[in-house]
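What follows is a set of notes on a single structure, which appears directly below.
Throughout, numbering of the chain's residues begins at 1 and tracks the sequence. Computed from a predicted structure; not experimentally measured. Counting convention: from 1, in listed order, for ligands and their atoms alike.
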Amino acid sequence: MQDRNVDVVIIGAGSAGLSAYRAAKKHTPSVILVEGGDYGTTCARTGCMPSKLLIAAANAVHDARHIAPFGARIESDVIIDKHAVMQRVREGRDAFVATILDSIEDFPAEDKLRGQARFEDDHTLAVADHTRVRFSRAIVATGSSPHIPEPLQAAGKRILTSDTIFDLHELPESVAVFGPGIVGLELGQALARLGVRVRLFGRSGGVGGLQDKALRSAAVSLFNEEFYLDPEAETSDIQEDDDGVRVTFVDRRSGERLTERFDYLLAATGRRPNLAGLGLEKAGIETNDKGIPLYDRHTLQCYDTRGGASHVFIAGDANHAEPLLHEATDEGRIAGHNAGRFPDLRAGYRRVSLAIVFSEPQIASVGLSRPEIEKTHVLGQDYAIGELNYENQGRAKVMRQNHGWVHLYGEYGTGLFLGAELLAPQAEHLGHLLAWACQQRMSVHQMLNMPFYHPTLEEGIRTALRDLNAKLLLEPAMLDQCTECGPGA
Ligand SMILES: Cc1cc2nc3c(=O)[nH]c(=O)nc-3n(C[C@H](O)[C@H](O)[C@H](O)COP(=O)(O)OP(=O)(O)OC[C@H]3O[C@@H](n4cnc5c(N)ncnc54)[C@H](O)[C@@H]3O)c2cc1C
Ligand SMILES: NC(=O)c1ccc[n+]([C@@H]2O[C@H](COP(=O)([O-])OP(=O)(O)OC[C@H]3O[C@@H](n4cnc5c(N)ncnc54)[C@H](O)[C@@H]3O)[C@@H](O)[C@H]2O)c1
């Protein structure tokens with residue numbers, strides 16, 4: 001065993017760890033970054049980027065197949081080259097990974113260690129069986145991994161997860177997707193659009209992380225127009241066979257019990273932080289009943305088992321709070337600065353919550369969700385919901401993307417915009433607009449004073465804001481379609 005002494009050790013060279021490394025180095029040259037797997041980050045290797053590459057291919061195919069209403073046609077069908085689609089995904093992914101490998105290459109060699117890390121005590125970390133690091137402060141940035149519930153494990157070698165699906169050399173013929181959360185919805189729809197026979201099974205009614213029940217049921221209807229999605233499926237008898245996996249389920253439409261064979265089962269059933277085997281108990285870190293460290297959201301500092309503040313910090317998916325890329329890099333930066341300047345801690349800047357699902361229609365969640373608001377607010381007394389259905393919205397109709405809803409939440413009395421949930425065309429852009437307004441703590445009235453161009457999807461947001469303004473009793477209700485807004489606003 002080699003011995004090293006260091007001010008700050010960072011466990012995990014993912015997005016959070018890399019951001020933490022850069023921040024910690026501003027305070028001390030004595031920083032070691034430990035990586036137990038491959039460099040390149042989950043986002044670039046198996047997460048954000050390969051999934052968006054697959055979705056882009058799927059949407060291109062979908063658009064090509066739906067040009068007839070615009071007065072154009074493709075004489076024969078669109079031919080999907082199952083090999084070429086996956087090759088583009090892998091090559092695109094590898095290019096994104098390469099940019100990260102290049103940046104890590106530039107870090108001094110003495111700052112990098114390879115191998116799985118585990119705490120031996122509160123100031124010692126063993127890395128594989130080759131190095132013992134004595135550290136003053138540590139940052140846990142170990143990320144998360146797909147969780148495969150026990151019944152699904154019967155699919156054996158026919159199980160895919162987001163860790164393995166992008167390595168396929170060919171699109172499969174059929175996939176049973178379990179979990180209509182964010183991963184399952186994005187990948188399930190993309191596969192279906194690429195001609196794969198997909199059935200998407202859920203367990204508890206959730207779809208794409210939507211919290212607003214009205215939007216959830218709209219989503220189930222909309223997505224079922226394209227592919228089979230049962231958010232409360234009754235499935236049983238999952239069995240691997242010679243060339244696939246068999247799944248028995250109750251058909252949501254006919255009520256019949258069916259058994260179907262699929263090439264693969266995609267387990268999109270959530271992710272768990274990579275904390276097992278890390279020896280957090282040896283580091284004296286207090287954890288909750290799920291084994292996740294208790295920590296302060298503003299400083300990212302963990303609590304120790306005596307109820308005091310620890311010299312260990314936690315950032316990114318490892319803390320299971322907001323498992324998104326921009327949150328991982330923000331948290332890494334805050335943890336890195338605080339570990340670097342420890343014990344002089346600062347509360348880091350936390351942005352308003354924003355999450356986007358790249359389905360079609362897209363889903364965006366901004367600020368406070370409806371269940372969060374309802375912890376303190378009663379609908380109709382303390383808060384109201386401004387609504388818009390995109391079915392008749394002018395620009396959405398022009399583009400034939402007129403599906404989905406916007407729900408905007410505002411507070412009585414203050415007129416403050418609290419948050420929003422959207423199942424809407426191009427919600428990635430609308431969601432950003434709303435997140436910026438929310439972070440600026442704008443009132444509904446202030447938002448309505450902003451410019452809205454015609455004809456745009458943003459005009460749909462204005463109509464929902466007007467509805468909200470009226471419900472908050474700040475303005476009279478619109479009697480008619482807003483005529484001064486232009487047609488279809
Ligand atoms: C399919 C998919 C699509 C996604 N799409 C999006 C998206 O569009 N937008 C978005 O914002 N987010 C998206 N995400 C989420 C996003 O990828 C993650 O939130 C983010 O990558 C987390 O970064 P991290 O640094 O916490 O973890 P990671 O990047 O996973 O880094 C953790 C690192 O720690 C290492 N490690 C673990 N344990 C140890 C140990 N004991 N010792 C040493 N090293 C260890 C791991 O090998 C890994 O390299 C997606 C995720 C998935 C799965
Ligand atoms: N666009 C994005 O930003 C993006 C994309 C993908 C992933 N992510 C991140 O990754 C995280 C993990 O995503 P995820 O989709 O794996 O998890 P998730 O928690 O969003 O969804 C998991 C789903 O699986 C269901 N489920 C659990 N066990 C099941 C079972 N036995 N049978 C059927 N369904 C079951 C759950 O009810 C839930 O609906 C997300 O929270 C998100 O933060 C983000």
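Atoms of ligand 2 found under 4.0 Å from any heavy atom of Pro323 (numbered from 1 in listed order, with element): 9 (C), 41 (O), 42 (C), 43 (O). Each of the following atoms of ligand 2 lies closer than 4.0 Å to a heavy atom of Phe358: 1 (N).
Checking only distances, Ala328 never comes within under 3.5 Å of ligand 1, N or O to N or O. For a threshold of 3.5 Å applied to N or O pairs, the pair formed by Thr41 and ligand 1 contains no separation below that value. Between Ala318 and ligand 1, a contact under 3.5 Å exists for no N or O pair.
Ligand 2 does not have Ala355 within reach: every non-hydrogen atom of the residue lies 4.0 Å or more from it. The closest approach between a heavy atom of Pro149 and any atom of ligand 2 is below 4.0 Å. Taking a 4.0 Å cut-off on heavy atoms, Thr46 registers as neighbouring ligand 1.
Annotation: atom 49 (O) of ligand 1 to nearest protein heavy atom, Glu35 OE1, 2.7 Å. When only non-hydrogen protein atoms are considered, atom 15 (C) of ligand 1 lies nearest to Pro323 O, 3.6 Å. Nearest protein neighbour of atom 37 (O) of ligand 2, counting heavy atoms only, is Ser204 OG, 3.0 Å. Annotation: atom 11 (C) of ligand 2 to nearest protein heavy atom, Arg271 CD, 4.2 Å. Atom 29 (O) of ligand 1 has as its closest protein heavy atom Thr42 N, 3.1 Å. Looking at atom 29 (C) of ligand 2, its nearest protein heavy atom turns out to be Thr269 CG2, 3.3 Å. Remark: minimum distance from atom 5 (C) of ligand 2 to any protein heavy atom is reached at Ile182 CG2, 3.2 Å. Nearest protein heavy-atom contact of atom 25 (C) of ligand 2 is Gly179 CA, 3.8 Å. For atom 50 (C) of ligand 1, the nearest non-hydrogen atom of the protein is Cys48 N, 3.9 Å.
Ring-plane geometry between His311 and His123 is classed as parallel, the angle between the planes falling under 30 degrees on a 0 to 90 degree scale with a further cut at 60.
Looking at Ile356 against ligand 2, only its backbone comes within 4.0 Å, counting heavy atoms. Using a 4.0 Å cut-off between heavy atoms, Glu322 makes no contact with ligand 2 at all.
Which of Pro231, Ser144, Ser162, Gly181 comes nearest to atom 38 (C) of ligand 2 through a heavy atom is settled by distance: it is Gly181.
For the side-chain hydrogen bond (donor to acceptor under 3.5 Å, both in side chains) with Arg350, the lone residue among Gln439, Glu331, His298 that qualifies is Glu331.
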